[in-house]
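Step one of this worksheet: look at the structure below.
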Amino acid sequence: MSVMEEHIKRVNTKIQQLLKQYQSLQKINTQLSDEVKMLKASHETDLIRTTQLEQQVIILRSAAGQMSDSDKKSFEKIINQYVREIDKCIGLLSE
């Protein structure tokens with residue numbers, strides 16, 4: 001075999017190795033992208049659940065009469081937000 005043919009053969013071999021590595025990395029990238037999407041969805045669900053639980057704690061403290069001033073302000077903000085949302089809904093229904 002000539003020197004040129006050996007170089008071509010080595011280059012072809014290296015290209016094949018690079019293609020295999022590239023395909024492997026593409027699969028890993030796809031898997032990681034899917035995992036990121038799943039974790040983002042899980043994180044969003046956890047944030048919603050945390051917010052709901054915090055609101056329940058405030059409501060329970062209110063019912064038990066054990067609210068501090070900051071808890072009362074937070075509770076009033078939540079109630080006012082609900083009232084605004086209800087008002088918006090009523091406005092949309094009356095149109």
Side-chain angles (χ1 to χ4, degrees):
M1 231 187 248
S2 71
V3 174
M4 185 64 99
E5 288 176 344
E6 288 179 19
H7 286 306
I8 291 172
K9 191 171 185 178
R10 270 189 282 155
V11 168
N12 279 336
T13 303
K14 288 183 180 183
I15 288 174
Q16 292 302 320
Q17 289 174 345
L18 285 174
L19 285 172
K20 286 180 184 179
Q21 287 177 347
Y22 177 74
Q23 289 172 347
S24 174
L25 290 174
Q26 277 186 322
K27 287 180 184 178
I28 292 170
N29 188 26
T30 302
Q31 291 171 348
L32 291 175
S33 294
D34 292 344
E35 187 176 348
V36 165
K37 288 177 187 176
M38 184 180 66
L39 289 173
K40 282 182 180 179
S42 175
H43 178 68
E44 185 68 28
T45 302
D46 291 345
L47 286 176
I48 291 170
R49 182 68 178 144
T50 301
T51 303
Q52 289 173 344
L53 290 173
E54 287 172 350
Q55 289 176 356
Q56 287 178 0
V57 166
I58 291 171
I59 291 169
L60 288 173
R61 283 185 183 163
S62 171
Q66 301 174 350
M67 292 182 76
S68 66
D69 288 336
S70 64
D71 289 339
K72 287 179 184 178
K73 289 179 184 178
S74 296
F75 186 65
E76 287 176 10
K77 285 181 184 178
I78 292 170
I79 295 298
N80 288 334
Q81 182 181 1
Y82 286 144
V83 169
R84 276 185 250 124
E85 289 180 19
I86 290 170
D87 287 342
K88 286 180 186 177
C89 292
I90 291 172
L92 290 173
L93 288 174
S94 64
E95 289 181 359

Roughly how far apart are Glu76 CD and Asn80 CG, rounded to 0.5 Å? 7.0 Å

If you group Ile, Leu, Val, Met, Phe, Trp and Tyr whenever their side-chain heavy atoms sit less than 4.5 Å apart, what else falls in with Val11? Ile15, Leu19

May I ask you to list the residues sharing a hydrophobic cluster with Leu92, side-chain cutoff 4.5 Å, ordered by chain and number? none

Got a sec, which hydrophobics cluster with Ile90, joining ILVMFWY side chains under 4.5 Å apart, including via others? Ile86

Within this structure, what is the CD-NZ distance for the pair Gln21 and Lys14, rounded to the nearest 0.5 Å? 12.0 Å

Using side chain to side chain donor-acceptor pair (under 3.5 Å) as the criterion, list what pairs up with Arg10, not counting sequence neighbours. His7

Rounded to the nearest 0.5 Å, the CD1 atom of Ile59 sits from the CD atom of Glu54 at a distance of 12.0 Å

Could you give all pairs that pass the side chain to side chain donor-acceptor pair (under 3.5 Å) test and reach residues 26-46, with sequence neighbours left out? Tyr22-Gln26

Once rounded to the nearest 0.5 Å, what's the spacing between atom NZ of Lys77 and atom OH of Tyr82? 15.0 Å

So which residues get pulled into Met4's cluster when ILVMFWY side chains under 4.5 Å apart are joined, directly or through others? Ile8

